Amino acid sequence: MATASDAVTTGAANKEKSATNVRVVVRCRPLNKDEIARQNQKAIIVDESRGTVDISGSGASKHGDRQQRTFTFDTVFGPDCKQVDVYNLTARPIVNAVLEGYNGTIFAYGQTGTGKTYTMEGVRDNPETCGIIPNSFAHIFGHIAKAQEDIKFLVRVSYLEIYNEEVVDLLSNKPTKLELRE
């Protein structure tokens with residue numbers, strides 16, 4: 001069973017990390033309680049320093065051994081990573097660019113149960129487990145609180161869910177499907 005969370009982060013004007021506008025970041029979650037109870041084995045090897053995830057295949061190759069595939073990403077987080085590290089290395093540079101006037105997007109993608117909600121929202125009552133969204137809000141409003149009194153800010157946020165090709169505004173009082181246009 002693969003346990004990789006396909007959390008993908010992209011951001012505009014990410015000057016702190018590289019000159020590219022899009023970065024792909026993967027966070028691999030640990031085995032959950034049910035997987036441990038079933039004695040499932042990890043199917044991935046994460047090398048954070050190289051930015052790679054090795055996935056052990058269940059099928060055999062023509063030589064009779066198990067297939068293994070390696071995927072390379074801009075940044076990779078292993079199962080033991082901390083929420084603050086994910087925020088600082090992925091979202092903080094995007095939020096800093098937004099505070100400088102650039103647009104930024106943080107996009108989480110993956111199968112059900114891979115850790116997207118935990119990565120994005122976390123557990124708000126515990127500062128160590130706050131996710132990207134509450135950390136971003138604290139960062140943005142902390143910056144505004146420290147700004148000079150004559151500077152005005154306009155903060156706009158979208159929180160959308162895309163599921164089965166349907167888009168829902170999660171901040172709406174009455175979440176309805178949004179129209180897709182090309």
Side-chain angles (χ1 to χ4, degrees), residues 1-32 34-35 43-44 46 48 51-53 55 69 71-79 81-125 129-141 153-182:
M1 301 247 158
T3 62
S5 169
D6 298 330
V8 178
T9 304
T10 64
N14 188 2
K15 298 180 293 188
E16 295 179 26
K17 178 72 177 177
S18 69
T20 61
N21 289 339
V22 176
R23 294 181 50 232
V24 179
V25 178
V26 173
R27 180 180 196 178
C28 300
R29 69 166 176 80
L31 294 173
N32 63 36
D34 293 335
E35 293 163 338
I44 60 168
V46 176
E48 293 182 10
T52 61
V53 178
I55 300 177
R69 299 189 63 182
F71 298 91
T72 303
F73 302 94
D74 295 306
T75 305
V76 173
F77 293 98
C81 69
K82 305 284 184 239
Q83 289 281 67
V84 69
D85 295 333
V86 173
Y87 179 76
N88 285 334
L89 290 171
T90 61
R92 180 175 291 279
I94 296 167
V95 172
N96 283 338
V98 166
L99 292 170
E100 292 176 7
Y102 295 95
N103 291 324
T105 300
I106 300 171
F107 180 82
Y109 174 84
Q111 292 179 312
T112 300
T114 57
K116 298 175 303 298
T117 301
Y118 180 73
T119 297
M120 296 303 288
E121 295 179 11
V123 180
R124 295 180 190 181
D125 297 339
T129 59
C130 281
I132 288 174
I133 293 169
N135 278 309
S136 295
F137 287 172
H139 184 167
I140 291 166
F141 290 107
F153 292 86
L154 172 63
V155 178
R156 292 186 193 175
V157 176
S158 298
Y159 187 29
L160 305 173
E161 175 184 74
I162 305 170
Y163 184 73
N164 286 337
E165 299 184 23
E166 294 178 353
V167 181
V168 177
D169 181 353
L170 296 175
L171 295 178
S172 172
N173 290 336
K174 297 178 183 176
T176 57
K177 296 175 189 168
L178 301 175
E179 183 181 337
L180 290 177
R181 299 182 213 166
E182 290 188 37

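What you see below is based on every heavy atom in this structure, not just the backbone, and it leaves out hydrogens, waters and symmetry mates. Numbering starts at 1 and runs along the sequence shown. Quantities reported herein were computed from a predicted structural model and do not represent experimental measurements.
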Would you compute the distance between atom CD of Gln83 and atom CD of Glu121 and round it to the nearest 0.5 angstrom?
11.0 Å
Which pair of non-hydrogen atoms, one from Ser136 and one from Tyr87, has the smallest distance, and what is that distance?
OG-CE1, 3.4 Å
Pair Ile140-Val95, side chain to side chain contact (heavy atoms under 4.5 Å, CB included): steps then yes or no:
CA-CA 7 Å; Ile140 291 166; Val95 172; 3.7 Å; yes
Is a side-chain donor or acceptor of Arg29 paired with a backbone partner of Gly113 at a separation under 3.5 angstrom?
yes
Of all heavy-atom pairs between Pro93 and Asn88, which one has the smallest distance, and what is that distance?
CD-O, 3.5 Å
Under the side-chain contact (heavy atoms from CB on, under 4.5 Å) test, residues paired with Val86 that sit two or more places apart
Arg27, Phe77, Cys81, Thr90, Thr119, Ile132
List in chain and number order the residues that pass side-chain contact (heavy atoms from CB on, under 4.5 Å) with Phe73, two or more places apart in sequence or in another chain; answer none if no residue qualifies.
Val24, Val26, Val53, Phe71, Val76
Can you check whether Gly110's main-chain N or O pairs, donor with acceptor, with Lys116's side chain at less than 3.5 Å?
yes
Ile44 and Cys28 have their tightest heavy-atom pair at CD1-CB, 3.3 Å
If you round to the nearest 0.5 Å, how far is CE of Met120 from CG of Asn135?
11.0 Å
Drop me the distance from Ile133's CD1 to Thr117's OG1, to the nearest 0.5 angstrom.
8.5 Å
Under 3.5 Å, sequence neighbours excluded: what are the donor-acceptor pairs made by side chains of residues 163-170?
{"unit_1": "Glu166", "atom_1": "OE2", "unit_2": "Lys177", "atom_2": "NZ", "d": "3.4"}
{"unit_1": "Asp169", "atom_1": "OD1", "unit_2": "Leu171", "atom_2": "N", "d": "2.9"}

Would you indicate whether the side-chain heavy atoms of Val123 and Tyr118 approach each other to under 4.5 Å?
yes
Non-hydrogen atoms of Gly104 and Val98 that approach each other most closely
N-CG2, 3.7 Å
